[in-house]
Participant: 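I'd like to ask some things about the structure below.
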Amino acid sequence: MTGWDTGMAKRCYYDVLEVDRNADESELKSAFRKLAMKWHPDRNPGDRNCETRFKEINEAYEVLKDPDKRAAYNRFGHVAFEHGGAGGPAGFSADFGSAFSDLLEGIFGMGARGRGGRERGADLRYNMEITLEETYSGKTAQVRIPTSVTCEGCSGSGAKSGTRPKACPTCGGQGRIRHAQGFFTLERTCPGCQGRGQVIDSPCPSCSGSGRVTRERALSVNIPAGVEDGTRIRLAGEGEAGVRGGPAGDLYIFLTISAHPFFQREGADLYCRVPVSMVTAALGGDFEVPTIDGSQSRVKVPEGTQSGRRFRLQGKGMPVLRSKQTGDMYVQIVVETPQKLTKRQRELLGEFERLSSKETHPESAGFFGKVKEFLGRASAV
């Protein structure tokens, strides 16, 4: 037999929802949503078999979602709910209260608009690039944003000056219409006003009835000191104007910090690499480095400094957002090997190499000593 015969014996509720008898609450709800969307009468107009199947799906879910009803059903089957027993489907109120409220919103867009067509405006995004110096000190930036603003000609109502929107004759201003189908009262968005509850006979010529027009606005954005790359700043109510006087959306400023030619940032700390000559690293010396606040700090290099050594400048890093703390700055020494040597320079370096000892280059002497020892053991095996 094809289709669904209203006169046939009731099917097992678990079979109706296509779930196992041990299905948990989330599995039941997921199965119910999937089947209800598939068999909803509004998606299958004129198909009475769909109406029967839809009612059967709802009846099964109303029982199995309730722990007490489910326990009674598992023990006694359908007989537990005959003659209204256990408060089962015989006493079911088909107003789509708990079972379908969230489902219908997802399918038909119910609740998307308020009474009078007052819709919230869209949120906007603005990408802004700032420098590391601006991040250090903070700044007030001026931005110009094209967006929708409330129409001055109609004050956001959408109606021509001297007129007003009127209640939709199709839904009586409710924005939704209802019609009965068997045990159910179905509710959906009014096609006459698209859920707004109002219609406009004489639209405003400036905004064509939308209640808003496109304009470019200038805004001031306060960027606090210490913000990090990817920070999002929210300006409430500075997004698009709402439709027909609805609340405005929000504006989100997304910050990107441009690469710095000298500093690298990790949290509140700053790092920089400073090349020094081989002679300075060997004999010692000092130099000045710029800091993010625009000043300079002197770094003293002790005799025999190796490449990669770091020196810490306390409190010379970035401010910590919304606090009085400040990070540190780390200067990493990179010993530069001389290039394009003259003949005399080569002779001097060669003489220096001949005069060098294990004490002169302790790390390399220790390393190659261990290599020699390792190779000696390997050859003896």
Side-chain angles (χ1 to χ4, degrees), residues 33 36-37 40-46 51 54 58 93-126 145-217 219 234-252:
R33 283 173 171 267
M37 291 176 67
H40 195 284
D42 283 355
R43 289 198 165 187
N44 304 274
E51 295 180 21
F54 188 64
N58 181 72
S93 176
D95 61 356
F96 292 98
S98 60
F100 289 106
S101 59
D102 56 344
L103 178 65
L104 291 180
E105 282 196 22
I107 300 176
F108 302 108
M110 290 169 55
R113 299 184 175 92
R115 294 290 177 87
R118 292 167 52 87
E119 298 177 38
R120 182 181 183 275
D123 294 335
L124 298 178
R125 171 174 178 154
Y126 184 89
I145 301 175
T147 183
S148 295
V149 299
T150 300
C151 175
E152 296 180 357
C154 63
S155 300
S157 70
K160 185 178 179 180
S161 179
T163 67
R164 299 180 60 183
K166 66 178 183 179
C168 174
T170 304
C171 63
Q174 299 299 310
R176 296 180 290 274
I177 57 175
R178 295 185 176 189
H179 63 276
Q181 288 192 351
F183 287 99
F184 303 97
T185 300
L186 302 180
E187 186 178 87
R188 58 180 174 178
T189 301
C190 173
C193 63
Q194 287 75 50
R196 294 188 174 94
Q198 293 183 338
V199 293
I200 297 175
D201 290 334
S202 300
C204 170
S206 299
C207 63
S208 302
S210 68
R212 55 186 185 176
V213 293
T214 300
R215 294 285 188 272
E216 186 176 69
R217 288 190 300 156
L219 297 173
R234 174 175 174 258
L235 301 182
E238 297 294 351
E240 284 195 345
V243 175
R244 298 183 184 176
D250 299 330
L251 171 64
Y252 291 91

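A quick note: this is a predicted structure, and the numbers were derived from the prediction, not measured. Computed from heavy atoms alone, side chains included, the values below leave out hydrogens, waters and symmetry copies.
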Participant: Hey, could you give me the CG/CZ distance between D201 and R164, rounded to the nearest 0.5 Å?
Facilitator: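 CZ of R164 is found 13.5 Å from CG of D201.
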
Participant: Between G209 and I200, what is the shortest heavy-atom contact and its length?
Facilitator: O-CD1, 3.9 Å

Participant: Okay, side chain of D250, backbone of G237: is any donor-acceptor separation there less than 3.5 Å?
Facilitator: yes

Participant: Short question: side chain of R215, backbone of V149 - any donor-acceptor pair under 3.5 Å?
Facilitator: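 Flag not set: sc R215 to bb V149 has no pair under 3.5 Å.
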
Participant: Heavy-atom count around R217 CZ within 6.0 Å, excluding the residue itself: above 12?
Facilitator: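 Yes, CZ of R217 has more than 12 neighbouring heavy atoms, counting only those of other groups under 6.0 Å.
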
Participant: Kindly give the heavy-atom pair with the smallest separation between A167 and V199, and that separation in Å.
Facilitator: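 What the structure gives for the nearest pair is O-CG2, 4.2 Å.
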
Participant: Hey, what do you get for CD (E152) to SG (C204), rounding to the nearest 0.5 Å?
Facilitator: 10.5 Å

Participant: Which heavy atom of S208 sits nearest a heavy atom of P203, and at what distance?
Facilitator: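 Residues S208 and P203, closest heavy atoms: C-CB, 4.0 Å.
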
Participant: Could you measure the distance from the CG atom of L124 to the CD1 atom of I145? Nearest 0.5 Å is fine.
Facilitator: 7.0 Å

Participant: Rounded to the nearest 0.5 Å, what separates atom CZ in R176 from atom OG1 in T189?
Facilitator: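 Answer rounded to 0.5 Å: 8.0 Å.
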
Participant: Less than 4.5 Å apart, side chain to side chain, heavy atoms only: is that true for R120 and P247?
Facilitator: yes

Participant: How close do A159 and C154 get, heavy atom to heavy atom, and via which atoms?
Facilitator: O-CB, 3.1 Å

Participant: Kindly give the heavy-atom pair with the smallest separation between S206 and V213, and that separation in Å.
Facilitator: O-CG1, 3.5 Å

Participant: Could you pull out the closest heavy-atom pair between C193 and Q198, with the gap in Å?
Facilitator: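 Looking at all heavy atoms of both residues, the closest pair is CB-O, 3.5 Å.
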
